[in-house]
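Below, all heavy atoms of this structure are taken into account, side chains as well, without hydrogens, waters or symmetry copies. Chain letters run A, B, ... following the sequence lines, proteins first, then strands; residues in each count from 1. All values derive from a computational prediction rather than experimental measurement.
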4 protein chains.
Amino acid sequence: MTGKHTWAIPEGYIPAESTGPEPEMESHETVCILNTNDEEATVEITVYFADRGPIGPFEKTVPAERTRHFRFNEFEDPEKIPKGEDFASVIESDLPVVCQRTRLDSRQAENALLTTIAHPGE
Amino acid sequence: MTGKHTWAIPEGYIPAESTGPEPEMESHETVCILNTNDEEATVEITVYFADRGPIGPFEKTVPAERTRHFRFNEFEDPEKIPKGEDFASVIESDLPVVCQRTRLDSRQAENALLTTIAHPGE
Amino acid sequence: MTGKHTWAIPEGYIPAESTGPEPEMESHETVCILNTNDEEATVEITVYFADRGPIGPFEKTVPAERTRHFRFNEFEDPEKIPKGEDFASVIESDLPVVCQRTRLDSRQAENALLTTIAHPGE
Amino acid sequence: MTGKHTWAIPEGYIPAESTGPEPEMESHETVCILNTNDEEATVEITVYFADRGPIGPFEKTVPAERTRHFRFNEFEDPEKIPKGEDFASVIESDLPVVCQRTRLDSRQAENALLTTIAHPGE
């Protein structure tokens, strides 16, 4: 079994504009979750801001032996995450999973990419 | 001896298009494995998807005191990894190794790069 | 409680030039700090250079359940961090936090991004 | 005291071409080392390849409370590292340090950046 129950990502930002064909080239901020267990994992994502209280949890499921790449810009329930504002996120899972985040920024003509494995909690 | 026996990479994606001279500028998704041991390491890579079961293992070897940078877009046995589809991977090695992944995305005129050390398992 | 009391970032560099509208597209070097505790965290950042002694500490606060994304190019007290010079940083917090750093480099026409979770101390 | 005695970086590559003014925009592959100790650290870097034995060690020093950002493309003693060839590196230090690697790739008109904290050894 590979993974941890808690992950933190201090940096989040959904660029307000995009260049290029959607959805591949739409600016997006993604959390990628890998569940290697033989049972579905239930994941709760809480989003933190600079100047107001956290929102969420956003509930997601990752089936057994599957990966799901969730785009923060598509989160809707319980509310949307505003574009152009700094945020951070904490991912809590009932089963051990592995989390990584990636951003495609296509605000300028050529896209830019960044990624990092999230910080595993205890 | 440096390394771990298990590594996980939640995010994988082989862009469907490229710009620029191949093979240097072909869009690719790479896992780089370093084997500092004085014996050859046998590595098994399993690839996970969003909506179907995992494929593999893809068997690779890394000779003693060597590094090998494997491109997911060149995997063929037991099958190819489709382009333009989200995936994740788990690397299991009989000897402790260190894994890192890198992507060169040349879909637009200027290339973009990302990298991260993989998540080490227990 | 998620996080550590000490974090290190060996690479820092504030590009001397920018292209594009400020402040979004101004070249910047950011440390993002997430405080999931229910109390305010007091953070001290020390900046190291190649050829002279460290400066700081720069004192910052991150309120309870908030994230703050600090730009090194806006640090002023006790002194400014010079542009175009290699630096490193150590972040010490009285409460456990999680740190990540990101750079937007807009020296050339298209921006480039990089990020990594900082290295957690003991 | 922050850091470890051993670090591994599985991915290395010095692009063969550059675009833009040197040395800032010359394609480079950097290892950034932070020494927060109050004594000079002596560092030995060994470079691994795909199809031949490792070279080195390249000996470097990082003074007390300093950071040094070493460019692999400037290594000369005991030999140069070839451009356009995959490599990996292991950093061993007599004092605990923190290592991060960064690449600026300016082969195409717009530069691309990547970075990651190295993998800490035991």
Side-chain angles (χ1 to χ4, degrees), chain A residues 1-5 7 9 18-21 23-38 40-41 43 60-71 91 93 96-121, chain B residues 4-17 19-20 27-30 44-57 81 83-93 99-122:
Chain A
M1 232 170 323
T2 299
K4 301 279 182 181
H5 290 271
W7 294 86
I9 308 172
S18 302
T19 307
E24 303 93 305
M25 288 300 173
E26 187 186 4
S27 287
H28 56 260
E29 178 85 11
T30 305
V31 57
C32 305
I33 305 180
L34 172 59
N35 176 17
T36 61
N37 301 284
D38 52 13
E40 178 175 89
V43 176
K60 305 284 178 187
T61 54
V62 184
E65 299 197 308
R66 297 291 186 276
T67 184
R68 286 283 160 88
H69 298 191
F70 300 110
R71 291 183 175 204
I91 296 102
S93 172
V97 294
V98 185
C99 293
Q100 179 178 352
R101 96 162 179 75
T102 299
R103 186 195 305 160
L104 170 75
D105 184 334
S106 63
R107 285 175 294 179
Q108 297 189 326
E110 310 306 335
N111 55 335
L113 290 171
L114 56 74
T115 198
T116 188
I117 296 286
H119 176 67
Chain B
K4 301 278 182 183
H5 290 270
T6 308
W7 295 85
I9 308 173
E11 203 255 331
Y13 184 84
I14 303 170
E17 287 115 46
T19 308
S27 287
H28 56 260
E29 178 84 12
T30 304
E44 291 193 341
I45 302 174
T46 303
V47 174
Y48 294 82
F49 296 97
D51 292 312
R52 51 187 172 118
I55 63 172
I81 300 174
K83 294 183 176 185
E85 189 175 338
D86 291 334
F87 66 88
S89 51
V90 169
I91 296 103
E92 287 168 292
S93 173
C99 291
Q100 179 177 352
R101 98 162 178 74
T102 300
R103 186 196 305 160
L104 170 75
D105 184 334
S106 63
R107 285 176 294 180
Q108 297 189 324
E110 311 306 334
N111 55 336
L113 290 171
L114 56 74
T115 198
T116 187
I117 295 286
H119 176 68
E122 318 307 88

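- Judged by distance alone, with hydrogens and angles left aside, the side-chain atoms of A/His69 form no donor-acceptor pair with the main-chain N or O of B/Ala88 at under 3.5 Å.
- Proximity to chain A is limited to the backbone of B/Ser89, based on heavy atoms less than 4.5 angstrom apart.
- Atom CG of residue B/Asp86 and atom OG1 of residue A/Thr30 lie 8.0 Å apart, to the nearest 0.5 angstrom.
- Ranked by heavy-atom pairs shorter than 4.5 Å toward chain B, the options A/Leu34, A/Val98, A/Thr67 are led by A/Thr67.
- Scanning all heavy atoms of the two residues, the minimum distance from B/Pro10 to A/Cys32 falls at CB-O, 3.5 Å.
- The distance from the CD atom of A/Glu65 to the CZ atom of B/Arg52 is 13.5 Å, given to the nearest 0.5 Å.
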Report the C-alpha separation of B/Glu11 and A/Val31 in whole Å, then their side-chain angles, then the decisive distance to 0.1 Å, and conclude whether the side-chain contact (heavy atoms from CB on, under 4.5 Å) test is met.
CA-CA 9 Å; B/Glu11 203 255 331; A/Val31 57; over 6 Å; no
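- At distances below 3.5 Å, not a single donor-acceptor pair connects side-chain atoms of A/Arg66 with backbone N or O atoms of B/Tyr48.
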